[in-house]
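Report on the following structure.
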Amino acid sequence: MRNIWTIAKRELKQYFTSPVAYIVAFLILLILGIIFVLNMTALNSSPFGYQSAPDVRMVISPLAFLFLLATPALTMRLVAEEVRMGTMELMMTAPVRDHEFIIGKWLGAFLFILALVAVTLVYPFMLNQLITPGIDQMLMLSGYLGVILLAAVFLSIGVSFSAIFGNQIVAFFGTLVFLIIMWWLVGAPANILPSGGEIFSYIDLNSHFYNEFANGIISLGGLVYYLSLTLAGLIIGTTAVEMRRWK
Amino acid sequence: MIQVSDLTKTYGLRKAIDGLNFEARQGEILGFLGPNGAGKTTTMRILTGYMPPSSGAATIAGFDVVNDSIEVRKRVGYLPETVPLYTDMTVFDYLKFMADLRHLPQASSTVNETLEMVGLLDRADGFIGNLSKGMRQRVGLAQALLHRPEVLILDEPTIGLDPAQIIEVRNVIREVGRERTVLLSTHILPEAQQLCDRILIINKGKIVVEDTPDNLQARLSGAEHAHLKVGSGATGLAEKIAKIKGVKAVNQVEADSLEFDYEPGQDVRPEVARLVIQSNLDLLELRAINLSLEEIFLQLTREESGAAKKVE
């Protein structure tokens, strides 16, 4: 446990001193801000254009998608950088277990994302001030929980790609392509197949988010799905580190 | 302290190390000597838990390097050949991080003490990326010494350093090697000769020889050598010297000088000197030749590859 925290702390510190992390955070917040402003303007100019009151989905829906694009850039270096600098040998001969190493890496990135998520709370806060009687608090909770769970999944998949390939560029594109497939393509057969399509929509990354968490439903199925995907990513990442020893 | 038995590591079809057997006792500096690609780094990586062996076993302080890897790693300080450092961290932060991973109590003061040992206290707040090669080497050494390990494994610790830095690093190693077991790899022979209590010569994954530096010299030469130079032509002298009891071989090098081998422990030099005087020749030079470790090393590794026969 202690080693996980030591590694996560170093990683988190690393994010706050690296330009990539700042650029990613800046872009996410900027795009989110633009979308927010555009939405508010549209709302103001045509009050009847909206069928329901604006809510937190205005923020979390684009946020989830932005995370999908941004997390590969945050995770690509996690293990690959150690491989490139040769510090992998240091980590693998320090009294640290392989899973502690991977979980520590993931946790560092996750804490950074949490900090980023915390900053985005400013939008629902503003929204809450602007409309009466305020936004749906429960919806906000479940929506944010969904975004955080999604981020956990994205990051663990990113860590495992970084550990498998040991190269930043390959890890970046590998993670991005894999996430895109899981987000858009896996669920597609559900709409085509006459029967038995449910399985595809179950393993599809976005259905649990858009159909459940973003609609105020904290479902056990969704929770289990995201947590087990995160776990799977961490296990694959750990296995990849172990495999490096046998090379 | 270190016990290695039948250790073998294969990469594909190539055997990087092939049935290694050796041990290192407590407080001993063991030199691991061999040409590049001999299997030194592979052996060290197995001992430090970086990779498992293909077969065979090794224990450090009684712990198996595969099954009790974490226990082994706690007791070993390792400086890999590449000196892995986080160049974007300061010296202090880097060492503090490693100290935290080792759960050291009072990590900060331990880091400072260690920095003092390697003479880097004044660079504690500098970024590793800005340090010279020699200083980085010392940071790596500090990392290996942080937890005052029972066993220190150093892979080519003086490679790429300038002569002054080499002396500094050697002094640190000698200092810490007093109460610790040190396994040191190098391909610089005088270094092994100066630092090590025992030398293990390895070539093509096999141990060629294992002995103390002094014994190695005596044992490997098999005989004592001497060089003789006389005033004028030494015709016929060689035959006379060859007849002296204990002389094994005589070799006329030039018209006025020759070299001869004799049994160790039977110093024939006084007799040779008398012979020269009695033959009415001027004795200009009579000295023992020490086969340097370089020559022994080349001889051994060459023999191993069968490229050349032992020179008589």
Side-chain angles (χ1 to χ4, degrees), chain A residues 1-22 74 76-105 107-108 112 162-163 166 168 238-247, chain B residues 9-12 41-42 44-54 60 63 65-66 68-90 93-104 107 127-129 136 139-140 143-144 146-147 149 153 155:
Chain A
M1 264 329 262
R2 204 166 146 186
N3 290 338
I4 294 176
W5 180 236
T6 305
I7 291 171
K9 235 173 26 187
R10 195 189 84 84
E11 221 46 64
L12 185 61
K13 227 174 171 179
Q14 215 72 359
Y15 279 123
F16 281 108
T17 55
S18 101
V20 175
Y22 277 110
L74 294 176
M76 62 180 185
R77 48 165 283 279
L78 285 174
V79 181
E81 176 90 337
E82 304 254 2
V83 172
R84 189 184 64 80
M85 292 206 301
T87 43
M88 200 63 188
E89 188 164 358
L90 188 74
M91 285 297 113
M92 287 166 81
T93 54
V96 176
R97 291 173 205 280
D98 295 346
H99 70 263
E100 292 175 329
F101 173 74
I102 287 292
I103 296 173
K105 290 281 179 187
L107 184 61
F112 180 74
S162 190
Q168 299 204 25
T238 305
T239 311
V241 172
E242 272 163 22
M243 301 255 288
R244 290 190 167 271
R245 295 182 187 275
W246 292 91
K247 266 193 196 161
Chain B
K9 176 79 188 177
T10 31
Y11 294 111
T41 300
T42 302
M44 292 185 153
R45 284 182 162 176
I46 292 171
L47 289 177
T48 51
Y50 180 73
M51 52 157 95
S54 305
I60 288 182
F63 293 100
V65 294
V66 178
D68 294 312
S69 180
I70 295 286
E71 290 304 314
V72 169
R73 290 187 230 168
K74 279 182 191 165
R75 287 164 176 79
V76 172
Y78 176 39
L79 174 64
E81 192 182 349
T82 50
V83 195
L85 301 168
Y86 295 106
T87 45
D88 48 2
M89 290 176 99
T90 66
D93 285 347
Y94 167 72
L95 291 176
K96 175 76 167 45
F97 170 63
M98 294 311 293
D100 286 342
L101 281 183
R102 292 194 175 276
H103 304 179
L104 301 184
F127 281 96
I128 293 173
R136 288 184 192 203
V139 177
Q143 174 273 125
L146 268 178
H147 51 301
I153 295 182
D155 199 354

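Below, chains carry the letters A, B, ... as their sequence lines are ordered, and counting in each starts from 1.
For B/Y78, the part lying under 4.5 angstrom from a heavy atom of chain A is the side chain only. Within the 4.5 angstrom heavy-atom criterion, atoms from both the backbone and the side chain of A/R97 approach chain B. Only the side chain of B/T82 comes within contact range of chain A, judged by heavy atoms closer than 4.5 Å. Contacts of A/E82 with chain B are made by side-chain atoms alone, with heavy-atom separations under 4.5 Å and no backbone atom involved. Heavy-atom distances place both the backbone and the side chain of B/Y86 under 4.5 Å from chain A. Interface residue B/L85: only backbone heavy atoms are found under 4.5 Å from chain A.
Here the side chains of A/E89 and B/R45 are in contact, with some heavy-atom distance below 4.5 Å. Contact check for B/H103 versus A/T6: no side-chain heavy atoms found under the 4.5 Å cut-off.
In terms of non-hydrogen atom pairs under 4.5 Å with chain A, the most contact-rich of B/P80, B/G49, B/P52 is B/P52.
For residues 68-76 of chain B, a heavy-atom distance under 4.5 Å to chain A picks out B/I70, B/R73, B/K74, given by residue number. Within residues 14-22 of chain A, the residues approaching chain B closer than 4.5 Å by heavy atoms are, in numerical order, A/Q14.
For the atom pair OH (B/Y94) and CG (A/L90), the distance works out to 4.5 Å, reported to the nearest 0.5 Å.
With A/R2 contributing its side chain and B/D100 its backbone, the two residues share no donor-acceptor pair below 3.5 Å.
Within a 6.0 Å radius of NZ in A/K9, more than 12 heavy atoms belonging to other residues, nucleotides or ligands are found.
Between B/P84 and A/G86, the shortest heavy-atom contact is CB-O, 3.1 Å. Between A/T93 and B/R102, the shortest heavy-atom distance links the atoms O-NH2, 4.2 Å.
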